[in-house]
Each structure stands twice: as structure tokens, then as C-alpha cells.
Number of protein chains: 2
Amino acid sequence: MSARRVTIVEIAQHVGLSKTTVSDALHGGGRVSPATAAKVAAAARELGYVTNRAARQLRGRSVGALGIYIPPIARNFNFYMEFAFGAAHGSAEHDADLVLFARDADVGPRHFQVDGVIAVDPLPGDPMLERLVDAGIPMVTAGRPPEALADAVSAVIEAPHGDLTRLVLDHLWESGYARPAFVGSDRRFYSSWADDVRRTYVEWCGAHSVAPSAFDCPLDATADELSTAVRSAVRPSDVDALVCAPQGFAGRSIGILESLGVHTGTAFGLASLSSDPTTELGNPRITAVDLAPWTFGRESIVLLAAVLGGDQHDHLNRFADVGVRIAGETTTRSWESLQA
Amino acid sequence: MSARRVTIVEIAQHVGLSKTTVSDALHGGGRVSPATAAKVAAAARELGYVTNRAARQLRGRSVGALGIYIPPIARNFNFYMEFAFGAAHGSAEHDADLVLFARDADVGPRHFQVDGVIAVDPLPGDPMLERLVDAGIPMVTAGRPPEALADAVSAVIEAPHGDLTRLVLDHLWESGYARPAFVGSDRRFYSSWADDVRRTYVEWCGAHSVAPSAFDCPLDATADELSTAVRSAVRPSDVDALVCAPQGFAGRSIGILESLGVHTGTAFGLASLSSDPTTELGNPRITAVDLAPWTFGRESIVLLAAVLGGDQHDHLNRFADVGVRIAGETTTRSWESLQA
DNA sequence: TTGAAAGCGGTACCAC
DNA sequence: GTGGTACCGCTTTCAA
């Protein structure tokens, strides 16, 4: 079994200082002299010291754990999985654990034993978000929060979905596709992402004097449901491209379009605004927005850590680093390069 | 911000008892009289008491958190996501948090601040598993562990993959399909699951005097890679069905087969041994094994909790509750009913 | 710049 | 059955 852990007292004995000094040297605000700080750090490393989170939490305020909450509806998508693991990595870099909150986990009174939480794609009226806010847990949202929560949220990180959508539509346009249709998620998933991409599509159509052909279906659409939406979207005879919002829909649409006699990639354009890594980003027929969920998750933790660290900079609302892979190309263009 | 929390001292004052008695009444081993236990429980509820995990951990041994580890290769599948959320729910039921471990999170010395861990589909040679074992964390694996870890694992939970595979093959056989082909995952994902389904397929072929037609591809196969595997598998002209092992492959194969002029669901059988909830379980063309990942995850936590609670029963190795939905049927048959 | 002592909220051990 | 007390490892006063 695990050997007994090294404590600051042992370090103190080892270097001939008091436990107070050791504590300050390791975590404090620069009270101790650089020389002793170095000595203590060396001893800590040598002895294999690791902070006992329980003790720290008991006396102080920090828990040493961060939380992540993902709405149940969205769990079909590996976007969230990748996001969560990026967040876990980021947490580890900040010496914190990442705790997974399940909405269903509402069993009896429990406190959230975390210093802060990432709420991914916060949906209006989600009771779990309210509980977190009521508990006073500092919250960073990935995606803009609903109105009711706006004041309670410490910071927001999001991808530039509107810009990305416009970029994809422009690319299709420049490639000669004159009327792209759109398939998005329905109202059960009313995130800022869903809003942004849908609104941008409609605006873009207006700016290009193109009649929108937009249809929604559930995020967890079955083959039939997606098929219905896709058929409706591409029904107008002059539709020559399809832009799918939710992850995987574009990849799944290839077969549906094929069965309609529509061959993707040549005369008909196809794009995904939130790409599945294997079926969409890896598919040369599809122009694919890479939301880089792992990085996104990690960056959201960096932001949360900054908030908890007391950063009050006005750039607390950030954009994540994303990319786009154009159909037929093998490399992904970063968002920054695309801005230029 | 969060109101100061209620402590056992306040409960003690409230009911006119000592700290010790309150502690025993709430968590102890039945030392106190039923009457006082009830009184204390009532007061605790009334005052909104929640155990302070840090304090408990500091004195005692329990951390109040469980961990889950999912190998990076496998993260493409929402099976694991559902599993993780089932586990989070199960943890909450045991008044524990669920911590997500990332292998990449190997940044500096950190202790695993958990009472035990679920390792999902443990792969041979995974350094993270070794670290967990070295740290002496009690481990339950979902799926049988590799040889090298067998002794270090406290319990195993798995689905009866061999039986399920046989059942699917038998069903296809009885439906008139004489020679099913097989597409599985390659060696980079060498789990007991991958082993079981592949071996069972080959055995079944032997028992039915059918020549196997089995091909592997990466778990994160692109459209092209999967296409290659499927084409190879169905090349023999007498192949009249396809059984796909990894989640989503059967659903993705429909389009591939279509492009080969093979129409699934009528003259050609299709099955998935690990079904995606929307594209496969919801698809009437596919005979789909429902691994019920949420329940699986929850049950794995129940098992881990039993292990940590000191259960030494010999039924520590369990089978999860799974189901199968036969192509064309709308309901899922439970594994238990299928046994009968 | 450093040290001593108190105390966070529980649990374990011992008396009664 | 119940109560008193020490103590887990750390941070936070307050003194030196």
C-alpha cells in the first residue's frame, strides 16, 4: 500500500526550520528569503513532498479541486469528452483534481467540494447551474450563459462561432456554391453556439440575397430524424451545399444525400461547423470547423484558475483557439491565420 | 457567497449531546441508541448538515472521492462518456465525488486523492495504470485487466461479450444469413472486449463450418480506413451479413455498403456489438447490442464501493446488465430475458 | 525574516 | 450508551 506521506514537519526538521516557514516557502506570498525558499523547495523535492489537500482545505479556503458540468442532452458528442479531458489535463497542471458533476447526481444534500466550476454550454433553466450558483461556486462558462445567469458567471470562454460560420459560408461561396442549406439543433439545446451559427447563417443569406433553407433536428437525432431534416433542407432544387451545425451530422449526411442521388464533394458542397475528428475532420469531402475541444477544455481551466487567482483583467472573456480544415486540404488552418 | 457550513458541534449543541455521539450517530457503527440516532439525524436534516470531507479525510482514511480512468485511445466513443456519467451518479449516491484522471496529466508529483478508482478497458502497458497501482489505490476494472495487472486489481466488472456476440451471430443465422463477416478493432486497442468478440466470432464460424472473414481497423478509423476494412470483409461473394465490433462502425457501414450496391436490412444483415444510441440502437436495420454504458458505469461504482467497504464475497467479479435490440424490433431485450 | 501556538471539523481512543 | 480529549497536516494570527 501507499507509503505514509511526507509532511511539512518532516521538511522542517530536515532543513532545521519551523513548519510555518516551510509552509510559507512552499505556498506563501514571498515572506521568506529566496535562499531558504530554495532550500525548502529542494528538500521538498528530495523527500517527495506532496501537499495534503484535506489539511489545506480544512484550515484555509482552497479545495484543490475544480468541477466540470456538462448538460445531459449534449453527452452524445465526443466534443464534450475531449473537452473534459483537456480540462482534466489543465487541472492537473494547476495541481487540482477535476470532478465530474452529473445532473442526475442530485441525491440528497451534498456540497460541491470544489474551488470553481466550468459549465459547458450552459442551457437556460438548468437546475444544476442554479444549484452551483446558489452554492456560491465561482463559475466560468464555455459558451455564453443564459440571461438569468449572466451576473453570476465570473468569466466566459467561447469559440468565434459566428466568424467561423461566416468563413465556411464564404468559402463555399467562393468555391462556386451559390445556395447552402443549413441543418441545426432544435430548441432543446438552446446554447449560445446553436444561436450563433443559426443567426449567422440567416444573416449571411440576407447579405448574399440567398433564400435560407434551414431546418432543425434534435441533437440526438436518429437516422430517420436527421434524414428528414436533411431532405427538407436540400429540397429546393437550387440548393447546392449543406452546412451542418452539430458534430457528426455532416458525416452522417453523406449517405443520406447519396440516397437522394446527390454526390458530395464535387457538385455539392458539405460542411460541418463542429467536426467529429474521424468522420468529419478526416474526410476530404467536408469543409470542417475544428473546435479543438481538448485545447478548449484546457484553456477554460486556465481561465478559471485566473479567475480564482483574483485576476480582474477585462480580457476575462476569451476566445478559444480553433481551426478550419477546408475540403480537400490535408492541413488545418488555425483561426489566427484565418483572421489575417 | 456560500453560507458557513453547519458542523457536528452545532448539531451537538442543538440536541444537547457531545460531538462524539453526534459523529457516531451520523457515521459510526451503531454504538448509539436508536432513539438518539434518530434525534441526531433529524437535527442534521433540519440544520442542513453536510459532512466536511476534508476534515474526515484528515483524521480518518476516507477521501470521499473516487476516480475514473479511461484510456486516451478510446475517447472517441460516447460509450465512455455515458459510462463516466453513470459512474458520477453512482459516486454521488455514495456521497463521493468522481474525479476524472487524464493520462496526459502526468505533471509533477501528485497524489491520487481518491479512495479507489475505476479503470475502464485497461490496456496492457498503460503507464497510468501502473502509477495507480504503485500508489496503492484500490482498483476495479471494467473489462478484464491485462495479465500484469491481474493481481493488483480488486474486482472486475464486465459485460458478457462472448455470449452477446454468439447471440447476435445465432440470430443472424436463424434469420437466414449464412456467412457473416466481421470488422473489429486493431491491436492498438487490446482490451478484453476486443479479444472476446473477435475470438467468439472465429469460434462461432468454426462451430458452424463457416469460413471467417474478419478484418481489423483502428478504433479511430477515418471514413477511408473503415471503408477499406468493410470492403475487405464483405469481398467474398457469399458473405451476406456484417458484424461490427466498435461503436458506430455498423452505422457508418451502411453508406459504405450502399456504395457497393449492398442494401442493408433485407438481403444483407448488419449488427453492432457495441451500439451508438442514436445511429445504431435507433436504426431498425441494425441488430444492436446495447452495452447500457450509463448503468454499466453506475454498477462499476457500486462494485468499487463494495470493495472499499470490505466485501470479500467471491462474487466480486460481476456482469453488467446489458441488452440487445433485434433488427426491426422497437424494444430492447434485456440480457437476463435472453438467457432464459 | 522567522517561530510558536491556535484551530479548521471531524474521528479514534479511552474513560465513565 | 455516552463524553472528554488528542490529533490528522496545514494555514493563520501574533510575537519575536
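Residue numbers start from 1 in every chain, and the chains themselves are labelled A, B, ... in the order their sequence lines are given, proteins ahead of strands. No hydrogens, no waters, no symmetry mates; every other heavy atom, side chains included, goes into these values.
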K.L.:
How long is the line joining CG of B:Leu58 and C1' of D:dG9, in whole Å?
P.N.:
5 Å

K.L.:
Between C:dG9, D:dG3, D:dT12, which nucleotide gets closest to the side-chain atoms of B:Ala55?
P.N.:
C:dG9

K.L.:
Are A:Glu93 and A:His89 linked by a side-chain donor-acceptor pair shorter than 3.5 Å?
P.N.:
yes

K.L.:
Go through D:dC10, C:dT11, C:dG9 for me and flag the one nearest to the B:Ile8 side chain.
P.N.:
C:dT11

K.L.:
Which word best sums up how the rings of B:Phe79 and B:Phe83 line up, parallel for under 30°, tilted for 30 to 60°, or perpendicular for over 60°?
P.N.:
tilted

K.L.:
Rounded to whole Å, how long is the line connecting atom CD of B:Gln13 with atom C1' of D:dG3?
P.N.:
15 Å

K.L.:
Tell me whether the side-chain N/O atoms of B:Thr36 come closer than 4.0 Å to OP1 or OP2 in D:dT2.
P.N.:
yes

K.L.:
For B:Asp97, which residues count as a salt bridge (Lys or Arg N to Asp or Glu O under 4.0 Å) partner, sequence neighbours excluded?
P.N.:
A:Arg110, B:Arg53

K.L.:
Kindly indicate whether the side chain of B:Ser33 and the base of D:dG1 share any N or O donor-acceptor pair separated by less than 3.5 Å?
P.N.:
no

K.L.:
How many whole angstroms separate atom CG of A:Leu26 from atom C1' of C:dT2?
P.N.:
15 Å

K.L.:
Counting only side-chain N and O atoms of B:Arg56, is one of them less than 4.0 Å from OP1 or OP2 of C:dT11?
P.N.:
yes

K.L.:
What is the distance, rounded to the nearest whole Å, between atom CD of B:Gln57 and atom P of D:dG9?
P.N.:
11 Å

K.L.:
Choosing from D:dA6, C:dG3, D:dG3, which nucleotide comes nearest the side chain of B:Arg59?
P.N.:
D:dA6

K.L.:
Would you say A:Thr20 places a side-chain N or O within less than 4.0 Å of OP1 or OP2 belonging to C:dT2?
P.N.:
no

K.L.:
Ignoring hydrogens and angles, state whether a donor on the side chain of A:Tyr80 or B:Asn78 is under 3.5 Å from an acceptor on the partner side chain.
P.N.:
no

K.L.:
Does NZ or CZ of B:Arg75 lie under 6.0 Å from the centre of the six-membered ring of A:Phe85, at an angle within 45° of the ring axis?
P.N.:
yes

K.L.:
Which whole-number value in Å describes the distance from B:Asn52 CG to C:dG7 P?
P.N.:
18 Å

K.L.:
Can you check whether A:Ser18 has a side-chain N or O nearer than 4.0 Å to OP1 or OP2 of C:dG3?
P.N.:
yes

K.L.:
Is a donor-acceptor pair below 3.5 Å formed from side chain B:Lys19 to base C:dG10, judging by atom type as modelled?
P.N.:
yes

K.L.:
Between C:dG3, D:dG3, C:dG10, spot the one nearest the side chain of B:Leu17, thanks.
P.N.:
D:dG3

K.L.:
Rounded to the nearest angstrom, tell me the gap between atom CG in A:Asp24 and atom C1' in C:dT2.
P.N.:
9 Å

